[in-house]
Each structure stands twice: as C-alpha cells, then as structure tokens.
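Take a look at the structure set out below.
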Amino acid sequence: MTQKLKPASGLPAKVASQLEAAQAHCRALGSRLTAQRKEVFELLLLRGGAAKAYDLQDDMRERHGRVAPSTVYRALEFLMAQHLVHRVDALNTFIACNAEHQAHHPLLLVCSRCEAVTELQDDETSELVFARLRQADSGFLGADIEVKGVCGKCRAQETKEAARA
Ligand SMILES: [Zn+2]
Ligand SMILES: [Zn+2]
C-alpha cells in the first residue's frame, strides 16, 4: 500500500506540537483523546486546512485499510465538543480551531471559489453580532459565524485572468 502520509514519528513539528497541546487540553478537561480521536485530528492537521469527513476517511484507509465512516464522524463529534475542531456548515467541511481551545464562537471566512477556510480571532465582532441578535429579539440563537466570499489568493488569480483576457 502506498503511504502518502508520513508516519506519526515523521510529523511536521507544528502538527506534533498541536497534537501535544490537544492532548494536554483534553487531559485538563478530563476527557480522553483516544488514539483514534487523536489520529483523526492529526489527519485534519496534516491536510493543512478544511477537509471533508470522507477525505479524512480516505487518509485513514490509506493507513489502516477499511475504516467505517462512523469512526471518523464520532471522532469529529468528540473533537468539536472539545473545541478542537469547528464544522464549516457552508461547505460541510471541518477545520482545526486555531485559537486557545476555549468554548468560543468562531468567525470563519469561507472562500466560495477554492473552499479555503480561515478562522479569524475576533471575539469583539462575534459578541457584537450575538448582542444585536438578542436586541433584535429575533429569537435566533447564534453559534458560529460564517462569512462567505472570495479569498485574497482567488481574487489575485481573478485579476491575473482578467488581465490576460
Ligand atoms: Zn476556534
Ligand atoms: Zn479562494
């Protein structure tokens, strides 16, 4: 079987330290980052951005052979509950949280062209949006904020294409 992904021992330093931090975070919360949950988080980190559950399932299959989809979903549910991972509803993808792993409302910038997702650390804006929702008495309870648009990279590409045309 081809091994596209590096084995755990050959992890990039950044991923290794993120995994270590996640382990410590779960320990502090009294939850268990089992080997399987940790591996799903590792695969998500190795993707370097947002990923679909079935992409992670593919990555896992490359390492272990057959993997049930529920294995990946259950691990993602756990990781979301620990605030290590966010779901990007606009694209049905998942992204590793880049903040201190407190319960928080992420502000996610979602590129509709390349599907890249960036998490902004801007609690002030999130608080403001939720305060306005309360004021409007909309009865709407917010969780995560997803802003759809086109990222800088794609805009630069569009400019280049426009210049060529
Ligand atoms: Zn986050
Ligand atoms: Zn983009």
Side-chain angles (χ1 to χ4, degrees), residues 11-60 71-134 140-165:
L11 284 176
K14 190 172 172 238
V15 171
S17 80
Q18 279 170 297
L19 284 173
E20 229 165 85
Q23 190 101 59
H25 167 76
C26 289
R27 207 177 297 127
L29 286 179
S31 63
R32 250 168 38 85
L33 187 67
T34 59
Q36 208 162 53
R37 291 162 170 172
K38 190 176 173 185
E39 183 166 22
V40 170
F41 191 47
E42 178 187 314
L43 292 170
L44 181 58
L45 291 170
L46 285 173
R47 286 229 162 217
K52 294 200 185 284
Y54 65 70
D55 291 331
L56 300 174
Q57 195 191 334
D58 275 352
D59 292 348
M60 213 157 177
T71 304
V72 174
Y73 278 109
R74 270 203 302 261
L76 286 169
E77 291 290 340
F78 169 85
L79 294 166
M80 285 192 289
Q82 315 305 312
H83 313 293
L84 292 165
V85 166
H86 300 303
R87 184 204 300 274
V88 186
D89 283 332
L91 302 171
N92 195 21
T93 55
F94 298 87
I95 187 171
C97 178
N98 68 1
E100 292 295 318
H101 304 303
Q102 315 293 340
H104 74 143
H105 298 297
L107 186 58
L108 303 171
L109 309 184
V110 184
C111 178
S112 52
R113 221 180 125 160
C114 71
E115 304 200 338
V117 180
T118 309
E119 179 175 1
L120 271 194
Q121 296 311 318
D122 188 346
D123 292 343
E124 218 175 299
T125 298
S126 302
E127 288 308 320
L128 186 65
V129 170
F130 294 123
R132 288 284 193 272
L133 287 176
R134 282 192 296 274
F140 187 86
L141 188 67
D144 303 351
I145 302 172
E146 296 182 6
V147 180
K148 286 193 269 181
V150 178
C151 76
K153 243 193 222 167
C154 287
R155 276 195 304 114
Q157 185 67 33
E158 276 173 6
T159 309
K160 242 196 272 172
E161 281 168 11
R164 230 182 279 137

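Predicted model, so just to flag it, every value in this text is computed and none were measured. Every number for a ligand or one of its atoms is a count from 1 in the order of the listing.
A salt bridge does not link R37 to E77: none of the charged side-chain nitrogens sits closer than 4.0 Å to a carboxylate oxygen.
The minimum distance between the Zn ion (ligand 1) and any N, O or S atom of E119 involves atom OE2. Considering just the N/O/S atoms of H86, the one nearest the Zn ion (ligand 1) carries the name NE2.
Taking E39 as the reference, R63 meet the salt bridge (charged side-chain N to carboxylate O under 4.0 Å, His left out) condition, with sequence neighbours excluded. The salt bridge (charged side-chain N to carboxylate O under 4.0 Å, His left out) search around R113 returns E158, E161, not counting sequence neighbours.
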Pairs of donor and acceptor atoms involving the side chains of residues 13-27, under 3.5 Å and at least two apart or interchain, shall be tabulated with distances.
{"from": "S17", "atom 1": "OG", "to": "K14", "atom 2": "O", "distance (Å)": "3.1"}
{"from": "Q23", "atom 1": "OE1", "to": "K38", "atom 2": "NZ", "distance (Å)": "3.1"}
{"from": "H25", "atom 1": "NE2", "to": "Q82", "atom 2": "O", "distance (Å)": "2.7"}

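For the Zn ion (ligand 1), the set of nearby N, O or S atoms under 2.8 Å includes one belonging to C97.
Side-chain contact, H86 with H104: a donor N or O sits under 3.5 Å from an acceptor N or O.
Protein nitrogen, oxygen and sulfur atoms, that is N, O or S, within less than 2.8 Å of the Zn ion (ligand 2) amount to 4.
With rounding to the nearest 0.5 Å, the separation of CZ in R87 from CD1 in I95 is 14.0 Å.
The shortest side-chain heavy-atom distance between R47 and D59 falls under the 4.5 Å cut-off.
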